[in-house]
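Shown next, in structure tokens, is the structure this report addresses.
Sequence lines set the chain letters: A, B, ... in the order given, protein chains first and strands last, and positions in each chain run from 1.
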2 protein chains.
Amino acid sequence: MLSTVTTPTSPADAAVLDALAPEGGRPDGGSDAAETAVRIMVAAADAFAERGFSATTTRDIASRAGLSPAGVYVHFASKEVLLFELSRRGHLRARDLLVAAARDAADPTEALRAIIGGFSRWHAEHHQLGRIVQFEFRHLGPEHQEQVLDLRREIDGVVADVLAAGVASGEFDVEDVRGTALALLSTAIDVARWYSPGQRRTPESIERLYGELAVRLVRRHAG
Amino acid sequence: MLSTVTTPTSPADAAVLDALAPEGGRPDGGSDAAETAVRIMVAAADAFAERGFSATTTRDIASRAGLSPAGVYVHFASKEVLLFELSRRGHLRARDLLVAAARDAADPTEALRAIIGGFSRWHAEHHQLGRIVQFEFRHLGPEHQEQVLDLRREIDGVVADVLAAGVASGEFDVEDVRGTALALLSTAIDVARWYSPGQRRTPESIERLYGELAVRLVRRHAG
DNA sequence: GTCTATAGAACGATAGAC
DNA sequence: GTCTATCGTTCTATAGAC
């Protein structure tokens, strides 16, 4: 059974759902409560991405999820907890994507192309969740910020490791590894800010261009 | 007389004030009303950058400016108008910086280094205003969004023109000029998201690194 | 032009019936 | 687990005295 547990009402919802779901579907078949919790998360992701965390009301989330305002609090203790859950799951999926792409690549050049291209594409396809993950961070409470920061450091580390490997192998010529990693991540992250579907650029063309630019930026020059 | 009209209480306030002031000081000496309006804008920039537009209350802005809640409305019709004024002035200064840097450069290579390095440095030094300009855009009303978009298109055009000039002169080898311009702008804009003062990286080191990376990215390869 | 006071609406979250 | 009803707070913005 590969279908999703809720019925997405838009392609954007499908993308959010895809990024929120545990890997490989739902072995237990999904309880009613879990289904409702996911429906609330999709509704919250819609609203947070559209209006921002502070401008989103719990009433808005509830009505998008087809619930009364009180219905949300059975599944999430507060609006901030809901933001944390979206942020945590989004970071987990993005991290797993990067780790897998780096692991499966034949050499540092292909690894860099895969992770920067893939991360850029992720921020286009999942631009709603990407915006929340990258731009609503400050609205998390202090202890939730810490948990998310740990995941971010993992992500930064994957990029820095690939750069270091390429320098060691002689494929790359990079003076400031951490600074260059930061700049590369910035190009991918900023996609979530400017991308919107139905534009000229597609997630696929963004992946190709940004992966290629990353390789160009660090490749050792002839001569 | 080169001193500012208000007394900045922090280096961050001084940076905001610098970016807000009309060019070259204040010929009229500054009326009391204008001074208060600037003080409100600095207070609002502090608050918007720290908490975001929606999470900022007019009471917070007023108290930071040393006024009662009602005092703000003598100078600005609404919180949204205050955001627009900050956004408009921030975009104007950033645009002027880019236009001047591109004009004064000897060749496209130095022009690109100057505009991307300078734009990156601007987003570090003025990271408060940079955050507002780049990340609070959606909270502007529709007609104010349009006015700001016009300024953004000018900024995008400066970068694309420099890239096109470098391609024409043979200094650059760029397949997708608009896509590359977008990626370069992203690295600079994203500085406003991650930069905070007192870090290892300084605005000057960011300018050097990001200017150099920009040139590396587009330079024609030997062979 | 600044204040005190407050109107009028909306907010996050909870109580208690079913 | 979801509802209706609402508590207690906070918000933007305005009225009117000085």
| Counterpart residues, ring-ring contact (aromatic ring centres under 6.0 Å, His included), relative to Phe135(A) (two or more places apart) | Phe135(B)
| said: Could you work out, with ring-ring contact (aromatic ring centres under 6.0 Å, His included) as the rule, every residue matching His75(B), not counting sequence neighbours? | reply: none
| query | Does Ser186(B) have any side-chain contact (heavy atoms from CB on, under 4.5 Å) partners at least two apart in sequence or in another chain, and if so, which? | reply | Asp190(A), Trp194(A)
| remark: With sequence neighbours left out, the residues meeting salt bridge (Lys or Arg N to Asp or Glu O under 4.0 Å) with Glu85(A) are Arg88(A), Arg89(A)
| Interface residues of residues 139-146 of chain A with DNA chain D (non-hydrogen, below 4.0 angstrom) | none
| query | What is the ring orientation for Trp122(A) with His126(A), classed by angle as parallel under 30°, tilted 30 to 60°, or perpendicular over 60°? | reply | tilted
| task | Measure the distance from CG on Leu67(B) to P on dA13(D) and round it to the nearest whole Å. | result | 16 Å
| With Phe76(B) via ring-ring contact (aromatic ring centres under 6.0 Å, His included) - residues at least two apart | none
| query | Residues in side-chain contact (heavy atoms from CB on, under 4.5 Å) with His127(A), at least two apart? | reply | Arg131(A), Tyr195(A), Pro197(A)
| task | Starting from P on dG1(D), measure out to CZ on Arg39(A) and report it in whole angstrom. | result | 13 Å
| message | Treating primed atoms plus P, OP1 and OP2 as sugar-phosphate and everything else as base, which nucleotides of nucleotides 12-18 of chain C get B, S or - for protein heavy atoms under 4.0 Å? | response | BBBB---
| field | Qualifying residues under side-chain contact (heavy atoms from CB on, under 4.5 Å), relative to Ala43(B), sequence neighbours excluded | value | Ile61(B), Arg64(B), Ala65(B)
| Could you state the CZ-P distance from Phe76(B) to dT14(D), rounded to the nearest angstrom? | 15 Å
| Between dT2(C) atom C1' and Ile61(B) atom CD1, what is the distance in whole Å? | 18 Å
